[in-house]
Amino acid sequence: MMRLEGKAALITGAGAGIGKTTALRFAEEGAKVVVTDINLDSAKQTAGEITQAGGEAAAFRHDVSNEDEWKEIANAAVQQFGRIDILFNNAGIYFIKPLADIELAEWNRMMAINVTGVFLGMKHVMPLMAKQKGGSVINASSIAGLTGASGHIAYGASKGAVRTMTKDAAIEYAAAGVRVNSIHPAYINTAMGAYASEVSQMSEAELGKKVAPMGRFGTVEEVANLVVFLASDESSYSTGSEFVIDGGATAI
């Protein structure tokens with residue numbers, strides 16, 4: 001039996017990277033998937049790959065910092081597939097910059113996407129899950145939400161907020177049967193990982209060896225496997241928890 005059979009999922013930032021790979025994995029496991037991304041063409045590409053493989057998917061352009069768009073997409077998802085069983089708040093942005101050089105506009109944009117986007121997703125999807133007496137929310141945080149790093153004050157603040165909001169929401173919705181957990185990757189082989197490599201002036205292989213005892217970046221497939229577990233009933237007793245996937249980086 002497929003692990004997500006009969007479930008409907010909504011994934012933000014699913015046009016590329018972790019979001020896209022997770023959307024494809026969800027479909028392989030039997031889920032119907034609402035794919036959203038700020039880039040509609042990318043969202044359509046992901047949805048198209050799912051449908052071409054025999055799955056069910058719908059694509060929407062989505063600015064996660066816009067509350068009206070969250071209302072519209074949550075309603076559209078229910079109209080399309082009848083329910084929302086899984087929400088993966090994956091969309092996010094990243095920059096590395098010294099504290100004194102961060103412009104207020106940059107800070108505000110980081111918070112709007114990485115924090116407000118997650119808040120709005122939970123606000124408009126979790127009550128729907130509560131009405132159906134069950135659901136799983138997975139919020140994308142980072143090891144930057146657990147530990148400090150030079151140049152990461154804005155990103156770390158945003159991901160630390162996601163970590164704590166996850167716990168707050170988990171407590172609030174536990175009695176309704178809705179679970180909420182956060183994932184905390186280190187560098188993964190995505191565009192963000194490539195950017196970090198460029199900023200650090202190190203190859204991805206060199207940076208992976210520096211930050212992780214396992215000596216490499218993680219793969220999008222490894223993260224998607226973790227998200228599938230959290231989306232499935234296999235993780236039925238896990239809520240308000242942090243799931244670290246970092247090759248041992250935070251063990252140092």
inquiry  = Tell me the closest heavy-atom pair linking K159 and S141, and the distance in Å.
reply    = O-OG, 2.8 Å
query = In a check of side chain to side chain contact (heavy atoms under 4.5 Å, CB included) between I138 and each of I183, N90, N181, which one passes?
reply = I183
inquiry  = By the side-chain hydrogen bond (donor to acceptor under 3.5 Å, both in side chains) test, which pairs, at least two apart or in different chains, include something from residues 29-38?
reply    = R25-E29, T36-H62
task = Evaluate whether atom CD of E234 has more than 12 neighbouring non-hydrogen atoms of other residues, nucleotides or ligands under 6.0 angstrom away.
result = yes
note = Here the side-chain hydrogen bond (donor to acceptor under 3.5 Å, both in side chains) pairs for residues 208-218, sequence neighbours left out, are R216-E222
ask   = Going through the checks in order, is the side-chain hydrogen bond (donor to acceptor under 3.5 Å, both in side chains) test met by N139 and T166?
value = CA-CA 7 Å; N139 292 329; T166 296; 2.9 Å; yes
query = Is there a side-chain contact between L10 and I86, using heavy atoms and a 4.5 Å cut-off?
reply = no
note = Between the OG atom in S236 and the CZ atom in R179, the distance rounded to the nearest 0.5 Å is 6.5 Å
query = Counting only N and O atoms by type, is there a donor-acceptor contact under 3.5 Å from the side chain of W70 to the main-chain atoms of H124?
reply = no
ask   = Among all residues two or more places apart in sequence or in another chain, which pass the side chain to side chain donor-acceptor pair (under 3.5 Å) test with E49?
value = K20, Q45
Expected output: side-chain Q132 to main-chain I84 donor-acceptor under 3.5 Å = yes
message = If you define the side chain from C-beta out and look only at heavy atoms, does anything of R61 sit under 4.5 Å from N39?
response = no
ask   = Are M129 and L4 linked, directly or through other ILVMFWY residues, by side chains that come within less than 4.5 angstrom of each other?
value = no
Sub-4.5 Å side-chain heavy-atom contact between P185 and I143 = no
inquiry  = Can you pull out every ring-ring contact (aromatic ring centres under 6.0 Å, His included) where at least one residue sits in residues 22-57? Sequence neighbours excluded, please.
reply    = none
task = Evaluate the side chain to side chain contact (heavy atoms under 4.5 Å, CB included) criterion for residues M126 and V180: first the C-alpha distance (whole Å), next the side-chain angles of each, then the deciding distance (0.1 Å), finally the verdict.
result = CA-CA 9 Å; M126 290 180 67; V180 198; 3.4 Å; yes
message = Tell me if a side-chain donor or acceptor on T12 pairs with a main-chain N or O of A91 at a distance below 3.5 Å.
response = yes
ask   = Is there a donor-acceptor pair closer than 3.5 Å between any side-chain N or O of S158 and the backbone N or O of N114?
value = no
query = Judged by atom type as modelled, is there a donor-acceptor pair below 3.5 Å linking the side chain of T51 to the main-chain atoms of G48?
reply = yes
message = According to ring-ring contact (aromatic ring centres under 6.0 Å, His included), does anything in residues 143-187 pair up with another residue at least two apart or in another chain? List the pairs.
response = Y94-H152, Y94-Y155, Y187-F217
D246 backbone acceptor or donor facing T250 side chain under 3.5 Å = no
ask   = Taking atom CG of L128 and atom CG of D85, what is their separation to the nearest 0.5 Å?
value = 11.0 Å
Any donor-acceptor N/O pair, S197 side chain to G193 backbone, under 3.5 Å = no
ask   = Are V137 and F88 side-chain neighbours, meaning at least one heavy-atom pair lies under 4.5 Å?
value = no
ask   = Which heavy-atom pair separates A224 from T21 by the least distance, and what is that distance?
value = CB-CG2, 3.9 Å
inquiry  = Testing the basics here: between R163 and S182, what is the closest heavy-atom pair and its distance to 0.1 Å?
reply    = CA-OG, 4.5 Å
ask   = Hey, does V35 have a side-chain heavy atom less than 4.5 Å from the side chain of F60?
value = no
message = I'd like to know if the side chain of E69 reaches the main chain of D63, judged simply by a donor and an acceptor atom lying under 3.5 Å from each other, with no hydrogens or angles considered.
response = yes
query = Between the main-chain N or O of T239 and the side-chain N or O of K167, is there a donor-acceptor pair closer than 3.5 Å?
reply = no
query = Taking side chain as C-beta onward, heavy atoms only, is V115 less than 4.5 Å from M165?
reply = yes
Atom pairs and distances, side-chain donor-acceptor, residues 99-112, under 3.5 Å, sequence neighbours left out:
{"unit_1": "E106", "atom_1": "OE1", "unit_2": "K97", "atom_2": "NZ", "d": "2.9"}
{"unit_1": "E106", "atom_1": "OE1", "unit_2": "E103", "atom_2": "N", "d": "2.8"}
{"unit_1": "E106", "atom_1": "OE2", "unit_2": "K97", "atom_2": "NZ", "d": "2.7"}

ask   = At what distance, to the nearest 0.5 angstrom, does CD of E242 lie from OG1 of T164?
value = 8.5 Å
task = Treat each ILVMFWY residue as a node, draw an edge where side-chain heavy atoms are under 4.5 Å apart, and state whether F95 and L207 are in one component.
result = yes
ask   = So, are K7 and D233 salt-bridged, with charged N and O less than 4.0 Å apart?
value = yes
key: Any Q52 side-chain heavy atom under 4.5 Å of I50 side chain   = no
task = Is it possible for you to say whether I188 and F229 belong to one hydrophobic cluster, with membership spreading through side-chain heavy-atom contacts below 4.5 Å?
result = yes
request  = Evaluate the side-chain proximity of V33 to I11: yes if any heavy-atom separation is below 4.5 Å, no if none is.
outcome  = yes
request  = Determine, using the 4.5 Å side-chain heavy-atom cutoff (strictly less than), whether L230 and V220 are members of one ILVMFWY cluster.
outcome  = yes
task = With rounding to the nearest 0.5 Å, note down the distance linking CD1 in I153 to CD1 in I96.
result = 14.0 Å
request  = Locate the shortest heavy-atom distance separating A186 from A249; write the atom from each residue and the value.
outcome  = CB-CB, 4.5 Å
request  = Test side chain to side chain contact (heavy atoms under 4.5 Å, CB included) on I113 and V64 and set out the steps.
outcome  = CA-CA 6 Å; I113 295 171; V64 296; 4.0 Å; yes
ask   = Minimum heavy-atom separation for A231 to S136, with atom names?
value = CA-OG, 3.8 Å
task = Spell out, yes or no, whether V244 and V223 are grouped together once hydrophobic residues are joined by side-chain heavy atoms under 4.5 Å, including indirect joins.
result = no
remark   = To the nearest 0.5 Å, atom NZ of K123 lies from atom OG1 of T116 at 11.0 Å
ask   = Any chance CD of Q201 has more than 12 other-residue heavy atoms, nucleotides or ligands included, within less than 6.0 Å?
value = no
inquiry  = Quick one: does any side-chain atom of S235 pair with a main-chain N or O of S232 as donor and acceptor, under 3.5 Å?
reply    = yes
query = Rounded to the nearest 0.5 Å, how far apart are OG of S65 and CZ of F119?
reply = 12.5 Å
